[in-house]
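Each remark here refers to the structure printed beneath this line.
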Amino acid sequence: MQNELKQTKKRVFSGTRATGRLHLGNYLGAVKGYIELQNREDLECIYMAVDLHTITTPYDQKTLKQATRDIIMDYLAAGLDPEKSIITVQSLVPEHVYLAYLFSSVVSVAQMSHLPTFKDKVKQHPDNVTMALLNYPVLMAADILLYNTNLVPAGLDQEPHLEIAREIARKFNTRFGTNFPLPKRFETKGTYVPSLTGEGKMSKSVSGSSIELMDDLDTIKKKLAKVPTDGGRGEKVPATGGVANLLKMVELFQGEAKRQEAETAYVNNGLRYGDLKASLAEAIFAELQPIQARRKELEKNPDYVERVITDGARKAREIAKATLTEIMEKVGLSS
Ligand code: ADP
């Protein structure tokens with residue numbers, strides 16, 4: 001049984017791609033969950049900036065290292081604590097890639113190429129349909145299972161990838177007698193934060209879709225001003241599009257009662273979007289302000305950030321090496 005002697009707590013793993021600064025979707029759908037779980041005594045948490053996943057879509061090698069540090073600094077500013085969680089960068093733990101290679105031997109090309117997330121990326125970057133892109137869910141399964149992870153705090157968009165991780169775990173357990181747990185997604189209230197454009201989810205890779213954690217009040221106001229709306233009155237509150245998305249943000253930042261109030265106004269006297277957007281901007285900024293202040297302090301202390309990453313990598317590798325050694329034996333490779 002993998003790591004059974006050493007592992008005393010259930011494990012949590014999650015990561016964010018270093019493709020841009022964290023936005024409200026990452027924060028509400030993932031990072032808030034990371035923080036909630038790191039405060040539980042019964043869990044050991046590992047959180048990474050997953051830079052190997054970044055290179056599955058076009059990227060700039062000159063800025064990747066800084067983008068990776070930015071994710072780690074945003075994590076720390078948002079409240080991740082290196083005393084409670086292992087916090088590091090994926091590429092510093094090369095065992096992820098090794099395990100992904102072993103996993104790729106039980107996954108069919110057809111299945112990977114039919115995944116909606118793969119098809120979306122093919123549409124976005126038709127000139128960059130690479131093996132790395134096809135292999136994304138396999139590497140993600142390795143990220144998770146390398147630590148015998150039980151819980152993965154992540155947004156709703158990651159559910160199909162988690163299903164692949166469970167499938168690989170089952171296949172390996174059956175074929176090679178491993179003992180991987182079947183990892184479950186840990187869901188927060190903001191599991192799906194919609195895009196400001198009115199279509200799809202808020203995402204780093206869709207321009208104009210997001211509010212970033214470091215946006216100031218003025219920027220937030222300007223971004224909200226662009227959300228498409230309607231006349232503010234009707235028989236039924238729209239279930240999709242800009243208005244629906246604005247109301248979802250009201251619910252997430254100002255509460256269910258405030259959303260109800262806005263919905264009642266919509267079907268009665270009419271909803272004034274100017275007022276709604278102004279108070280929503282204030283509510284969002286109030287939550288982000290302390291994070292931004294901590295981030296400014298961290299920027300003055302790059303040595304501390306490097307120490308967090310190095311210490312995290314050392315701790316993660318210790319677990320990763322032990323798992324990999326056992327797996328290599330079970331699959332019949334010399335170790
Ligand atoms: P992005 O799609 O912005 O590049 P990532 O793929 O790096 O984000 O995702 C990092 C984490 O943030 C994942 O757990 C993902 O599920 C979560 N996440 C991303 N976008 C959203 C969103 N709009 N709503 C909720 N969670 C999200």
Side-chain angles (χ1 to χ4, degrees), residues 12-38 45-59 64 67-68 70-72 74-75 78 80 85 87 89-91 115-121 123-125 128 132-133 136-137 139-141 143-144 149 151-165 183-215 223 227 240 242 244-246 248-249 251-253 284 287:
V12 174
F13 179 94
S14 199
T16 305
R17 290 186 307 144
T19 43
R21 302 296 300 274
L22 288 192
H23 55 71
L24 293 183
N26 302 135
Y27 174 62
L28 297 173
V31 178
K32 273 195 137 179
Y34 300 2
I35 295 166
E36 191 178 329
L37 296 180
Q38 83 169 352
C45 300
I46 302 156
Y47 300 123
M48 295 191 178
V50 288
D51 50 351
L52 290 167
H53 287 284
T54 310
I55 71 174
T56 59
T57 45
Y59 76 102
L64 179 57
T68 306
D70 279 335
I71 296 288
I72 299 287
D74 282 354
Y75 275 176
L80 285 196
S85 300
I87 301 165
V89 174
Q90 182 193 28
S91 61
L115 278 177
T117 42
F118 176 74
K119 289 184 181 164
D120 286 350
K121 287 282 183 290
K123 262 192 224 143
Q124 269 175 26
H125 308 288
N128 196 72
L133 184 65
Y136 188 117
L139 179 59
M140 184 169 150
D143 298 337
I144 295 167
T149 298
L151 266 186
V152 179
L156 186 63
D157 58 326
Q158 294 302 322
E159 194 56 52
H161 291 158
L162 266 163
E163 187 48 46
I164 303 285
K184 284 202 192 81
R185 195 167 63 87
F186 177 78
E187 194 164 289
T188 61
K189 242 174 74 189
T191 190
Y192 182 87
V193 179
S195 162
L196 297 183
T197 62
E199 257 177 58
K201 70 155 196 153
M202 189 175 282
S203 171
K204 294 193 224 92
S205 40
V206 179
S207 78
S209 79
S210 67
I211 290 173
E212 294 179 5
L213 280 197
M214 295 305 138
D215 283 346
K223 287 183 172 178
V227 177
T240 57
N245 294 1
L246 265 182
K248 180 75 194 168
M249 304 268 277
E251 180 191 318
L252 289 168
F253 284 94
I284 294 173
E287 178 140 0

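Counting starts at 1 for both ligands and their atoms, following the listed order. Side-chain atoms are counted along with the backbone in the values below, which use heavy atoms only and exclude waters and symmetry mates. In this chain, numbering begins with 1 at the start of the sequence shown. Just so we're clear, the structure is a prediction, and the values are computed from it rather than from any experiment.
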Indicate whether the side chain of T188 and that of K32 have a donor and an acceptor atom separated by less than 3.5 Å. no
Atom 5 (P) of ligand 1 sits nearest the protein heavy atom K204 NZ, 3.7 Å
Those atoms of ligand 1 less than 4.0 Å from some heavy atom in D157: 15 (C), 16 (O)
Among all protein heavy atoms, pick the one closest to atom 4 (O) of ligand 1 and tell me residue, atom and distance. R17 NH2, 3.0 Å
Considering S203, A154, A18, G15 one by one, which has a heavy atom nearer to atom 14 (O) of ligand 1 than any of the others? A154
What's the spacing between Y27 OH and M202 CE if we round to 0.5 Å? 13.5 Å
Of K201, H23, Q158, E159, the one whose closest heavy atom lies nearest atom 3 (O) of ligand 1 is H23
What's the separation between atom NZ in K223 and atom NE2 in H23, rounded to the nearest 0.5 Å? 10.0 Å
Contact atoms of ligand 1, heavy-atom distance to G29 under 4.0 Å: 25 (C), 26 (N)
H53: heavy atom below 4.0 Å from ligand 1, yes or no? no
Can you find an N or O of N26 that's nearer than 3.5 Å to an N or O of ligand 1? yes
With distance as the sole criterion, is a donor-acceptor pair present between the side chains of Y75 and T16 under 3.5 Å? yes
Can you find a side-chain donor-acceptor pair between R185 and T191 that sits under 3.5 Å? yes
From Y59 atom OH to N128 atom CG, the distance as rounded to the nearest 0.5 Å: 10.5 Å
Should G155 be counted as touching ligand 1, given the test is an N or O pair under 3.5 Å? yes
Please round to the nearest 0.5 Å and tell me the distance separating atom OG1 of T54 and atom NZ of K204. 7.5 Å
Return the CD1 to CD1 distance between I87 and I71, rounded to the nearest 0.5 Å. 13.0 Å
Heavy atoms of other groups near E199 CD, more than 12 under 6.0 Å: no
For ligand 1, note which part of T191 has a heavy atom under 4.0 Å away: side chain, backbone, both or neither. backbone
Which ligand 1 atoms, with their elements, are less than 4.0 angstrom from a heavy-atom of A30? 11 (C), 12 (O), 14 (O)
What's the shortest distance from atom 24 (N) of ligand 1 to any protein heavy atom, and which residue and atom give it? V193 N, 2.8 Å
Looking only at side-chain N and O atoms, does Q38 offer a donor or acceptor that is under 3.5 Å from a partner on Y47? no
For the 3.5 Å polar cut-off, considering only N or O atoms, please tell me whether G25 and ligand 1 meet it. yes
With heavy atoms of G190 as the reference, note each atom of ligand 1 found under 4.0 Å away. 25 (C)
Find all atoms of ligand 1 within a distance of less than 4.0 Å from any non-hydrogen atom belonging to M202, and give their numbers and elements. 20 (N), 21 (C), 22 (C), 23 (N)
